[in-house]
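Everything numeric in this text was worked out from a predicted model, so none of it was measured. All ligand and atom numbering here is 1-based and tracks the order in the structure.
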Amino acid sequence: RMKLNLTKVVNGCRLGKIQNVGKTGDHIIDIPGCLLYTKTGSAPHLTHQTLHNIHGIPAMAQLTLSSLAEHHEVLAEYKKGVGNFIGMPESLLYCSLQDPVSPCPAGYVTNKVLQKSIIIGVIEGGDVMEERLRSARETAKRPVGGFLLDGFYGNPATLETRLHLLSSVTAELPEDKPRLICGVSRPDEVLECIERGVDLFESFFPYLVTERGCALAFSFDYQPNPEKTLLQQNGTQEEIKSVDQIEKIKTTDCNQEMTSFEINLKEKRYQEDFNPLVKGCSCYSCKNHTRAYIHHLLVTNELLAGVLLMMHNFEHYFGFFQSIREALKSDRLAQLKELIRRQAC
Ligand SMILES: [Zn+2]
């Protein structure tokens with residue numbers, strides 16, 4: 001059954017592979033890594049065909065119990081299981097109780113379609129250290145396949161406290177089982193959690209960014225050539241200035257404020273910007289379209305805007321995780337962290 005092989009642990013950061021995953025046991029999940037965020041098994045805005053144009057798609061898709069519960073009767077009638085129903089019979093599915101993006105209707109219990117699954121133990125306890133430790137120790141005694149660290153997100157002002165709790169909790173967990181965290185998905189916070197022994201993350205951040213008409217534009221190239229760095233830094237400073245100006249404005253589609261990791265394509269300044277979303281990005285959207293075109297799609301409410309932004313944002317985010325693993329492998333995580341820290345605000 002499922003087995004975690006750690007190849008390297010540096011200052012608490014874990015690099016490795018989860019092996020023998022899935023029905024046939026031939027799936028591998030790289031850690032640190034993320035899950036593919038889906039709505040009932042399909043990536044938002046994307047068909048399976050467009051999804052497979054994205055490089056570096058995670059091996060495991062996340063779907064939520066609430067969305068399964070909505071389809072409970074249909075699934076019971078269908079009989080061939082969730083994987084077949086959503087058109088991903090070969091995929092690994094992780095079913096979470098909560099959709100990180102929308103609140104969960106209360107009161108659903110275990111669904112029959114999930115019976116043969118590996119159970120992930122949830123660690124609770126809020127902000128109370130004693131309760132957190134008790135939850136971690138008790139859950140570690142149970143026959144679980146891994147751990148879900150719940151409730152470590154929230155007000156940025158209390159981040160330090162939560163990170164301190166997180167280190168204490170992961171110290172209580174066995175080394176040989178994966179730790180997944182929910183609700184944490186911003187690049188800077190992801191790195192903080194990896195340093196505290198977290199292996200897997202959700203990938204709802206690129207989805208939120210897409211929903212507010214933005215594109216991830218932060219750099220995770222921690223070992224660029226000096227000339228390129230200078231050019232990129234100049235570019236980034238310019239973009240960040242504009243983030244400051246509009247940071248206070250909440251977008252209509254989503255009440256989450258935009259972050260300094262993204263650019264807002266609805267802004268007029270992109271109307272005649274014929275550059276790709278991110279220079280050098282090898283995603284479908286950047287190779288075929290310009291910022292000006294995506295700006296046009298957004299202001300005219302074309303559905304294609306969401307498709308193109310989602311493709312870029314997923315690929316950019318999965319690339320970030322790839323770069324974390326490479327940085328860990330070559331002992332350069334500190335450089336990557338410094339690069340991300342400079343872009344966070
Ligand atoms: Zn791109």
| Ring-face cation of Arg196 near Phe152 (centre distance under 6.0 Å, axis angle within 45°) | no
| task | May I ask you to check whether Thr161 and Thr158 show a side-chain donor-acceptor distance below 3.5 Å? | result | no
| query | For Glu338, does the CD atom sit with more than 12 other heavy atoms under 6.0 Å from it, leaving out its own atoms? | reply | yes
| said: At a cut-off of 2.8 Å, what protein N/O/S atoms sit near the Zn ion (ligand 1)? | reply: Cys281 SG, Cys283 SG, Cys286 SG, His312 ND1
| message | Are more than 12 heavy atoms, taken from residues, nucleotides or ligands other than Lys8, located less than 6.0 Å from that residue's NZ atom? | response | yes
| request: Take the angle between the ring planes of Phe220 and Phe320 and call it parallel below 30°, perpendicular above 60°, tilted in between. | output: tilted
| task | Would you check if there is a donor-acceptor pair between the side chains of Glu124 and Ser135 at a distance under 3.5 Å? | result | no
